[in-house]
**Q** 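One structure follows; several queries about it will come next.
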Amino acid sequence: MPDVKIEASWKAALAEEFEKPYFQILIDFLKKEKAAGKVIFPPGPLIFNAFECTPIDGVKVVILGQDPYHNPGEAMGLSFSVPKGVKVPPSLKNIYQELFTDLQIPKAEHGDLSNWARQGVFLLNTMLTVEQKQAGSHQKAGWHFFTDAVIQTLSEKREHLVFMLWGNPARKKAELIDGNKHLILEAAHPSPLAGGAFFNCKHFSKANAYLKEHGMGEIDWKV
């Protein structure tokens, strides 16, 4: 088994995945890329940051992103999130706009979503690494096998979770989720390229209503 530095509850839940051939191939790929001098984001200690911030039994909501930000200083291992001091990306600005429309939460001046993660919002990207300045560069590295297994594990082991699937790549993951046990919310991607189709989806209020109904405790969506 590769020595994967990942939060203990997730390491136990995903133990079988770390034993599979694709995962060793993925680890070898990342090592070769780094040995070739390529810059990989997020930095190694942050690749599994979403898992570190939100243990499996603490997950209430899953927000699925695509791959990490590929510019220096942006990727922090949480989908859509950037560290404080980094300019808020366009997609996140639109998320903040929807939060204001839906729940009247003032738009934050920073893009660090760690407060969400600590409350149980699992900010998962379908790819966990990317090469600097090369969006989507690790799409074929094998991460999708791993993150699909993560989604299926949550669907099987937990009940009454909210899955927010934004954009077509995320929406395709609905087939991995048991809709009888969980709430699946689908919308356009918050990217400005979607032409504003994301707006008025009201996913944040719908999530809290569902969580409250099932005694899960609502999310404070202020960041």
Side-chain angles (χ1 to χ4, degrees), residues 6-10 13 42 46 48-66 68-69 74-126 147 150-151 153-155 157-167 170 173 177 181-191 196 198-223:
I6 188 170
E7 191 272 335
S9 68
W10 281 110
L46 293 179
F48 294 105
N49 192 28
F51 301 81
E52 191 67 35
C53 291
T54 317
I56 188 168
D57 288 340
V59 175
K60 296 180 179 180
V61 177
V62 180
I63 298 181
L64 198 59
Q66 295 179 27
Y69 296 119
E74 292 182 344
M76 57 183 295
L78 303 175
S79 62
F80 296 103
S81 181
V82 293
K84 289 178 180 175
V86 174
K87 184 179 179 182
V88 178
S91 291
L92 186 51
K93 283 185 178 180
N94 282 349
I95 291 170
Y96 286 169
Q97 175 62 49
E98 177 60 21
L99 269 174
F100 179 73
T101 303
D102 189 12
L103 293 172
Q104 292 72 58
I105 292 175
K107 298 173 190 175
E109 296 182 359
H110 66 85
D112 186 348
L113 304 180
S114 298
N115 184 49
W116 290 4
R118 286 190 291 267
Q119 294 181 73
V121 182
F122 187 47
L123 296 165
L124 178 68
N125 281 315
T126 53
T147 54
V150 171
I151 295 167
T153 298
L154 282 168
S155 179
K157 292 183 178 293
R158 298 292 313 282
E159 291 185 347
H160 308 313
L161 302 185
V162 180
F163 289 83
M164 296 184 183
L165 308 180
W166 299 338
K173 304 300 183 182
I177 304 161
K181 292 172 61 182
H182 307 286
L183 177 63
I184 301 172
L185 299 174
E186 299 185 31
H189 196 277
S191 167
F198 171 75
F199 294 132
N200 296 310
C201 66
K202 300 192 182 301
H203 280 191
F204 303 102
S205 59
K206 289 176 181 177
N208 272 355
Y210 181 83
L211 292 172
K212 185 177 181 180
E213 178 187 350
H214 293 283
M216 296 278 287
E218 299 172 77
I219 302 296
D220 177 359
W221 291 105
K222 293 192 294 293
V223 301

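Every value quoted in this text rests on a predicted model; they were computed, and no experiment measured them.
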**Q** Does L161 reach the side chain of F122, with side-chain heavy atoms less than 4.5 Å apart?
**A**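 No, side chains not in contact.
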**Q** Does any non-hydrogen side-chain atom of I219 lie less than 4.5 Å from one of V162?
**A**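 No, their side chains stay 4.5 Å or more apart.
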**Q** Can you find a pair of side-chain heavy atoms, one from V223 and one from W116, that are under 4.5 Å apart?
**A**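 Yes. Closest side-chain heavy atoms under 4.5 Å.
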**Q** Would you please name every residue forming a salt bridge (charged side-chain N to carboxylate O under 4.0 Å, His left out) with K206, sequence neighbours left out?
**A**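 Checked K206 against salt bridge (charged side-chain N to carboxylate O under 4.0 Å, His left out); zero matches.
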**Q** With side chains defined as the heavy atoms from C-beta onward, is the minimum distance between V62 and I151 less than 4.5 Å?
**A**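 When only atoms from C-beta onward are counted, I151 and V62 do not touch, as no gap falls below 4.5 Å.
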**Q** For E109, does the CD atom sit with more than 12 other heavy atoms under 6.0 Å from it, leaving out its own atoms?
**A**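 At most 12 heavy atoms, drawn from other residues, nucleotides or ligands, come within 6.0 Å of this atom.
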**Q** State the CD-CG distance between Q66 and L64, to the nearest 0.5 angstrom.
**A**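 Between Q66 CD and L64 CG, I get 8.5 Å after rounding to 0.5 Å.
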**Q** Would you list the atom pairs, donor with acceptor, under 3.5 Å between side chains in residues 51-58 and any protein atom, with sequence neighbours excluded?
**A**
{"from": "T54", "atom 1": "OG1", "to": "A117", "atom 2": "O", "distance (Å)": "2.8"}

**Q** With a 4.5 Å limit on heavy-atom distance, are the side chains of N208 and W221 in contact?
**A**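 In contact.
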**Q** Under the side chain to side chain donor-acceptor pair (under 3.5 Å) test, which residues partner N94, sequence neighbours left out?
**A**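 Per chain and number, N94 pairs via side chain to side chain donor-acceptor pair (under 3.5 Å) with no residue.
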**Q** Could you pull out all residues at least two apart from D112 that satisfy side chain to side chain donor-acceptor pair (under 3.5 Å)?
**A**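 So D112 forms a side chain to side chain donor-acceptor pair (under 3.5 Å) with S114.
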**Q** Output the distance between atom CD1 (I177) and atom CG (L165), rounded to the nearest 0.5 Å.
**A**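 Reported to 0.5 Å precision, the distance equals 5.0 Å.
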**Q** Would you please name every residue forming a side chain to side chain donor-acceptor pair (under 3.5 Å) with S155, sequence neighbours left out?
**A**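 Once residues adjacent in sequence are excluded, S155 has no partner under the side chain to side chain donor-acceptor pair (under 3.5 Å) criterion.
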**Q** If I take atom CD from residue Q104 and atom OG from residue S205, how far apart are they, to the nearest 0.5 angstrom?
**A**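 It is 9.0 Å, given to the nearest 0.5 Å.
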**Q** For the residue pair R158 and H182, what are the closest heavy atoms and their distance?
**A**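 That would be O-CE1, 3.0 Å.
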**Q** Between C201 and A187, what is the shortest heavy-atom contact and its length?
**A**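 Looks like CB-CB, 4.0 Å.
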**Q** Walk me through it: do T147 and N125 pass the test side-chain contact (heavy atoms from CB on, under 4.5 Å)?
**A** CA-CA 8 Å; T147 54; N125 281 315; over 6 Å; no
**Q** Would you please name every residue forming a side-chain contact (heavy atoms from CB on, under 4.5 Å) with P83, sequence neighbours left out?
**A**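 Only M76, V86 meet the side-chain contact (heavy atoms from CB on, under 4.5 Å) criterion with P83.
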**Q** For Y69, enumerate each residue passing the ring-ring contact (aromatic ring centres under 6.0 Å, His included) test, keeping only those at least two apart in sequence or located in another chain.
**A**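 Expected list: none.
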**Q** Between the main-chain N or O of S91 and the side-chain N or O of S191, is there a donor-acceptor pair closer than 3.5 Å?
**A**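 Side chain of S191 to backbone of S91, a donor-acceptor pair under 3.5 Å: no, none is there.
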**Q** Once side chain to side chain donor-acceptor pair (under 3.5 Å) is applied, do any residues pair with E7, and if so which ones, sequence neighbours excluded?
**A**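 Residues passing side chain to side chain donor-acceptor pair (under 3.5 Å) with E7: S9.
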**Q** Could you walk me through whether S79 and L124 pass the side-chain contact (heavy atoms from CB on, under 4.5 Å) check?
**A** CA-CA 5 Å; S79 62; L124 178 68; 5.6 Å; no
**Q** Are the side chains of W10 and V59 in contact, using a 4.5 Å heavy-atom criterion?
**A**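 Of all side-chain heavy-atom pairs linking W10 with V59, at least one is under 4.5 Å.
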**Q** Keeping to residues at least two apart or across chains, list the salt bridge (charged side-chain N to carboxylate O under 4.0 Å, His left out) pairs with something in residues 211-223.
**A**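 For residues 211-223: D220-K222.
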**Q** List the residues meeting ring-ring contact (aromatic ring centres under 6.0 Å, His included) with F198, not counting sequence neighbours, and say none if there are none.
**A**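 ring-ring contact (aromatic ring centres under 6.0 Å, His included) check on F198 returns W166.
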**Q** Within this structure, what is the CD1-CZ distance for the pair I184 and F163, rounded to the nearest 0.5 Å?
**A**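 So the CD1 of I184 and the CZ of F163 are separated by 7.5 Å.
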**Q** Please list, chain by chain and in numerical order, all residues satisfying ring-ring contact (aromatic ring centres under 6.0 Å, His included) with H214, sequence neighbours excluded.
**A**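 Partners of H214 by the ring-ring contact (aromatic ring centres under 6.0 Å, His included) criterion, ordered by chain and then number, come out as H160, Y210.
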**Q** Kindly indicate whether the side chain of P89, heavy atoms from C-beta on, has any atom under 4.5 Å from the side chain of V82.
**A**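 SC-SC contact between P89 and V82 confirmed.
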**Q** Considering only heavy atoms from C-beta outward, does the side chain of I95 approach that of I63 to under 4.5 Å?
**A**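 SC-SC contact between I95 and I63 ruled out.
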**Q** If the condition is salt bridge (charged side-chain N to carboxylate O under 4.0 Å, His left out), which residues does E186 pass it with, not counting sequence neighbours?
**A**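 For E186 the salt bridge (charged side-chain N to carboxylate O under 4.0 Å, His left out) partners, ignoring immediate neighbours, are R171.
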**Q** Do you know which two heavy atoms are closest between K60 and Q119, and how far apart they sit?
**A**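 Nearest pair, atom of K60 first, then Q119: CD-O, 3.8 Å.
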**Q** To the nearest 0.5 Å, what is the distance between CD on E159 and CG on L154?
**A**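 E159 CD to L154 CG: 13.0 Å, rounded to 0.5 Å.
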**Q** Run the side-chain contact (heavy atoms from CB on, under 4.5 Å) test on V61 and L211 for me, step by step, so that the C-alpha distance in whole Å, both residues' side-chain angles and the decisive distance to 0.1 Å come before the verdict.
**A** CA-CA 9 Å; V61 177; L211 292 172; 3.9 Å; yes
**Q** Please report the closest heavy-atom contact between Y96 and H110, naming both atoms and the distance.
**A**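 Closest heavy-atom pair between Y96 and H110: OH-O, 2.7 Å.
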